[in-house]
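One structure below.
Bear in mind the structure is a predicted one, so any value in this text is a computation, not a measurement. Below, each value reflects all heavy atoms present in this structure, side chains not excepted, and no hydrogens, waters or symmetry copies. Chain letters run A, B, ... following the sequence lines, proteins first and then strands; every chain starts at 1.
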There are 2 protein chains.
Amino acid sequence: MKMTGGVEWGLHCCVVLSSATEPVAAAKLAELHDVSATYLAKQLQLLSRAGLVRSTPGQLGGYLLTRPATEITVLDVVEAIDGPQPAFRCTEVRQRGPMAVPPERCDTPCPIAAVMDTADRAWRESLRVVTIGALAATVTATTPGELLDRARVWLSA
Amino acid sequence: MKMTGGVEWGLHCCVVLSSATEPVAAAKLAELHDVSATYLAKQLQLLSRAGLVRSTPGQLGGYLLTRPATEITVLDVVEAIDGPQPAFRCTEVRQRGPMAVPPERCDTPCPIAAVMDTADRAWRESLRVVTIGALAATVTATTPGELLDRARVWLSA
DNA sequence: GGGCTGGTACTCGGATAAGTTGTGTCCGAGTGCTTCTGG
DNA sequence: CCAGAAGCACTCGGACACAACTTATCCGAGTACCAGCCC
């Protein structure tokens with residue numbers, strides 16, 4: 001099981017955007033993180049479709065968060081980029097083969113799928129209680145102020 | 001994000017094996033679930049390598065659980081087939097690009113990776129508290145007894 | 001000098017190719033049962 | 001009738017193709033700024 005690598009980029013971008021007042025171009029975000037500019041653009045498009053960021057075209061265009069960072073959860077970003085579908089998909093194995101359980105007898109969900117669903121909900125809940133704002137606060141608290149300032153001036157340059 | 005489909009097969013097989021006293025051949029398990037026999041054999045090999053099942057060769061050979069079903073967790077099966085690695089891999093983006101944080105300053109883990117790790121632990125914990133025995137008990141409780149008997153005789157036939 | 005218009009350079013957006021991982025398949029090595037033969 | 005040994009059928013195990021998805025890239029459409037021109 002492996003999550004799309006773009007999730008990490010998207011989260012970092014959202015953290016950066018949380019402290020931005022003017023639109024930031026995708027190319028700038030890519031250079032800042034030293035990743036493929038075109039591929040990161042794709043991830044930003046996904047965030048845009050999900051309504052998490054707003055893109056402004058034109059010469060001074062770029063991306064900006066649509067909501068305060070404290071109202072965007074990590075789960076929002078993960079689901080926007082990686083998709084909302086759970087990792088486990090029940091194929092109703094019990095309804096196949098010579099000993100198949102008839103569908104009308106399957107009123108209760110498959111226990112295996114139920115366990116997986118519970119775990120998936122726990123996972124998502126863990127991601128839902130953390131906001132981009134909280135992440136940004138942690139970054140601010142643990143990173144030397146000098147570095148933060150340098151990054152800020154570099155972004156607006 | 002998508003989990004290997006073989007996980008579902010492996011779990012179903014373990015549930016079936018939990019109520020087996022004699023070795024069950026891989027081909028029989030495949031026919032019972034109506035899945036690719038050769039591919040399911042691959043998953044069973046993974047379970048065998050992980051030490052969850054024991055294979056006995058020869059004419060009356062097959063697979064059997066090595067431990068009581070109540071001592072095998074769902075997580076054991078998932079990690080045996082899908083791998084123990086977490087879905088999210090931190091690539092230390094903060095240490096790249098023009099604003100890279102120097103490694104000696106990275107004494108605290110990346111907050112993003114920390115959140116993902118917490119969620120991953122919650123997910124695994126949910127799978128750890130459920131055993132194959134519990135799953136089998138649920139199946140026994142929710143499936144009509146007649147079907148269970150038919151399946152049992154079909155297996156030993 | 002002010003307003004308007006055309007040009008331009010920049011932006012995002014979707015459609016288009018390689019690499020990697022999951023999916024599915026095949027054949028060979030090994031083991032235990034069965035059967036045949038000899039005593 | 002019993003013991004031994006060869007044959008055989010079945011099993012698992014690892015090595016080999018195919019497909020789907022992630023990753024990465026390119027080019028086109030659209031927009032806002034800027035310069036030049038007309039009033």
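- Of the listed residues (A:L52, A:V53, A:V16), just one forms a side-chain contact (heavy atoms from CB on, under 4.5 Å) with A:Y63, and that residue is A:V53.
- With the nearest nucleotide of DNA chain C identified for both B:S36 and B:D82, B:D82 has the one nearer the 5' end.
- For B:T4 and B:P57, each mapped to the nucleotide of DNA chain C holding its nearest heavy atom, the one lying further toward the 5' end belongs to B:T4.
- With rounding to whole Å, B:L46 atom CG is found 14 Å from C:dT21 atom C1'.
- Between A:K2 and B:R89, some side-chain heavy-atom pair lies under the 4.5 Å cut-off.
- Phosphate proximity of C:dG13 to A:S48: present, with a side-chain N or O under 4.0 Å from OP1 or OP2.
- If you find the closest nucleotide of DNA chain D to B:T56 and to A:Q59, the one lying nearer the 5' end belongs to B:T56.
- Contact of the B:V115 side chain with the A:L11 side chain is not registered, since no non-hydrogen atoms from C-beta on lie closer than 4.5 Å.
- With B:C14 as the partner, the side-chain contact (heavy atoms from CB on, under 4.5 Å) test is satisfied by one option alone out of B:I72, B:L44, B:L47: B:L47.
- Residue B:R49 is in sugar-phosphate contact alone, with no base atom involved, counting any heavy-atom pair closer than 4.0 Å across all strands shown.
- Between D:dT11 and B:S55, no contact under 4.0 Å exists linking OP1 or OP2 to a side-chain N or O.
- Across all strands shown, A:A27 has no heavy atoms under 4.0 Å from either base or sugar-phosphate atoms.
- In this structure, the side chains of B:C110 and B:R94 come closer than 4.5 Å at one or more pairs of heavy atoms.
- With rounding to whole Å, B:F88 atom CZ is found 16 Å from D:dT22 atom P.
- Atom CD1 of B:I112 and atom CH2 of A:W9 lie 13.5 Å apart (nearest 0.5 Å).
- Each of C:dG14, D:dT23, D:dT25 was ranked by its minimum atom distance to the side chain of A:Q45; first place goes to C:dG14.
- The CD atom of B:Q43 sits 12 Å away from the P atom of C:dT25 (whole-angstrom rounding).
- The interatomic distance linking B:K2 (NZ) with D:dA19 (C1') rounds to 12 Å, in whole Å.
- In this structure, B:L44 places its CG atom 8 Å from P of D:dC12, rounding to the nearest Å.
- Regarding B:L40, its CG atom lies at a distance of 15 Å from the C1' atom of C:dG22, rounded to whole Å.
- The separation between B:L47 atom CG and D:dG13 atom C1' is 14 Å, rounded to whole Å.
- The C1' atoms of five pairs define one axis at each end of the helix from C:dG1-D:dC39 to C:dG39-D:dC1, and these two axes lie 10° apart (to 10°).
- Side-chain N/O atoms of B:K28 include none lying less than 4.0 angstrom from OP1 or OP2 on D:dC10.
- Note on residues 125-151 of chain B: pairs passing side-chain hydrogen bond (donor to acceptor under 3.5 Å, both in side chains), not counting sequence neighbours, are B:E125-B:R128.
- At whole-Å resolution of the value, OH in B:Y39 and P in D:dA15 are 17 Å apart.
- A heavy-atom distance below 4.5 Å is not found between the side chains of B:L127 and B:T73.
- Note on A:K42: a base of the nucleic acid sits closer than 4.0 angstrom, heavy atoms only.
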